[in-house]
Amino acid sequence: MMQERNAQRMDRDGMKVAVLSDTHNLLRPQVAALLGTCDAVIHAGDIGSLQLMDAVREAAGQEAPAFFVRGNNDGEWAEGLPESLCFTLGGISFFLVHKKKDIPEKLEGVQVIVYGHSHKYTQEEKAGRLWLNPGSCGKRRFNQEITMAFLYLGKGHVQVERVDLPAEPVSVRGKRDLDKREDEKDCRIPEDNLLSAIEGIFRRMDRGWKIERISREMKLDADFVEQVCRIRVTHPGVSAEGIMDKIEVNRQTGAC
């Protein structure tokens, strides 16, 4: 579903626009403070709740236009939100959607495409059009960076500023000593052979191993192991290849 909206340009030269995505019901204080410096807000989905939407609007100020689309993790509360949105800010035409794969092949007149979902910052220009994924500035997944972006709009031009936010200290589940915390620094998400790692997790699940033990023994990120285990439990009979398709991270391309 596509909707069109127009936002009136502020009565001054240029606009500063905050672009964020995948907050998953977490508005960090640093993000809220940054929103207060902007003239408008764009959110590319996986918002988390109506309360989070209200918090974003409040942080930006009631007069700042705010644009939201529904993400794949936004539940029944978000049924009234569009899946995609066309609008104009500062004389620049935008197309907003959550998943990159849902972007139409033909978008006449659109100058900026904003999307999310992968939690990975991506900025590129194709045929004179800006494609921007601001990454995630909400709940951190795996070891990915926490990012958002600013757009500066003026006289038909767009400037992009990537914003990197500090990561919170890694939380440690359960009671662990300092040596185990040091061991966690070596934990990773498999880059080269994701399928082999998932199959290894399967074998250890079948032996009754717990997530922490699998993570420790295989030296894998605990959140990654937990996601694989959860998908296998909630989707009986799913294959390792099937889990690769469901995991919201593409290790090779960063595509949505």
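Both backbone and side-chain heavy atoms feed into the values below; hydrogens, waters and symmetry mates do not.
- Using a 4.5 Å heavy-atom threshold, the side chains of L89 and F67 count as touching.
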D102 vs E83, side-chain contact (heavy atoms from CB on, under 4.5 Å): CA-CA, chis, key distance, verdict: CA-CA 9 Å; D102 293 330; E83 294 177 359; over 6 Å; no

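- When the salt bridge (charged side-chain N to carboxylate O under 4.0 Å, His left out) test is applied to R204, no partner is found at least two apart in sequence or on another chain.
- In the hydrophobic clustering of this structure, I146 does not group with L26; members are Ile, Leu, Val, Met, Phe, Trp, Tyr whose side-chain heavy atoms approach within less than 4.5 Å, directly or through other members.
- For the pair V41 and P65, the minimum side-chain heavy-atom distance is 4.5 Å or more.
- A side-chain donor from one of H117 and N72 sits under 3.5 Å from a side-chain acceptor of the other.
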CA sep, side-chain torsions, deciding dist, call: F68, R57, side-chain contact (heavy atoms from CB on, under 4.5 Å): CA-CA 11 Å; F68 299 86; R57 290 192 176 103; 3.8 Å; yes

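- Taken to the nearest 0.5 Å, the CD1 atom of I198 stands 9.0 Å off from the CD atom of Q227.
- Considering CG of D46 and OG of S21, their distance stands at 6.5 Å, rounded to 0.5 Å.
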Working for side-chain contact (heavy atoms from CB on, under 4.5 Å), residues F94 and L151: CA-CA 12 Å; F94 287 79; L151 296 180; 3.6 Å; yes

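- Here the side chains of F202 and V228 are in contact, with some heavy-atom distance below 4.5 Å.
- Side-chain N or O atoms of R70 include one that pairs as donor or acceptor with a backbone N or O of L81 at under 3.5 Å.
- Applying the 6.0 Å contact sphere to CD of E58 captures no more than 12 heavy atoms from other residues, nucleotides or ligands.
- For the atom pair L35 CG and R28 CZ, the distance stands at 13.0 Å (nearest 0.5 Å).
- V69 has its side chain out of reach of V97: every pair of non-hydrogen atoms, C-beta onward, lies at least 4.5 Å apart.
- A salt bridge does not link E108 to K106: none of the charged nitrogens lies less than 4.0 Å from a carboxylate oxygen.
- Taking 4.0 Å as the cut-off between side-chain N and carboxylate O, D206 and R232 count as a salt-bridged pair.
- Closest of all the heavy-atom pairs between G116 and A44 is N-CB, 3.8 Å.
- When all heavy atoms of G71 and D74 are compared, the closest pair comes out as N-OD2, 2.8 Å.
- Here CZ of R230 is found 9.0 Å from CG of D223. Values are rounded to the nearest 0.5 Å.
- Summarising the geometry of M218 relative to A197, their closest heavy-atom pair is CE-O, 3.7 Å, with the distance given to 0.1 Å.
- Using a 4.0 Å cut-off between charged nitrogen and carboxylate oxygen, K100 and E124 count as a salt-bridge pair.
- At least one donor-acceptor pair closer than 3.5 Å links the side chain of R140 to the backbone N or O of Q144.
- I214 has its side chain within reach of M205: a pair of non-hydrogen atoms, C-beta onward, lies under 4.5 Å apart.
- Shown here for G90 and M15, the closest heavy-atom pair between the two residues is N-SD, 3.5 Å.
- Looking at V225 and W209, their side chains never come closer than 4.5 Å, going by heavy atoms from C-beta outward.
- Here the shortest heavy-atom pairing between H157 and I92 reads N-CD1, 4.1 Å.
- Taking the six-membered ring where tryptophan is involved, the planes of W131 and Y115 are perpendicular, since the angle between them exceeds 60° and thus also 30°.
- In this structure, E217 places its CD atom where more than 12 heavy-atom neighbours from other residues, nucleotides or ligands lie under 6.0 Å away.
- To the nearest 0.5 angstrom, S84 atom OG is 4.0 Å from F95 atom CZ.
- The only member of V112, V19, L132 that meets side chain to side chain contact (heavy atoms under 4.5 Å, CB included) when paired with V160 is L132.
- Each of D22, I42, V163 was compared with M148 under the side chain to side chain contact (heavy atoms under 4.5 Å, CB included) criterion, and only V163 meets it.
- For T147 and D164, the side-chain atoms include no donor-acceptor pair closer than 3.5 Å.
- From C229, atom SG reaches atom CZ of F224 across 9.5 Å, with rounding to the nearest 0.5 Å.
- The side-chain heavy atoms of V158 and Q111, taken from C-beta on, include no pair separated by under 4.5 Å.
- No side-chain donor from either of Y121 and E145 sits under 3.5 Å from a side-chain acceptor of the other.
- When atom types are taken as modelled, the side chain of T88 and the backbone of G91 share no donor-acceptor pair closer than 3.5 angstrom.
- Between H43 and H98, the distance from one ring center to the other does not fall under 6.0 angstrom.
- Cation-pi contact between K16 and F150: present, with separation from the ring centre below 6.0 Å and deviation from the ring axis of at most 45°.
- Looking at heavy atoms from C-beta onward, R213 lies in side-chain contact with R216 at the 4.5 angstrom threshold.
- Minimum interatomic distance between L20 and P134 (heavy atoms only, all atoms of both residues): C-CG, 3.7 Å.
- Side chain to side chain, S118 and N133 meet the donor-acceptor criterion of an N or O pair below 3.5 Å.
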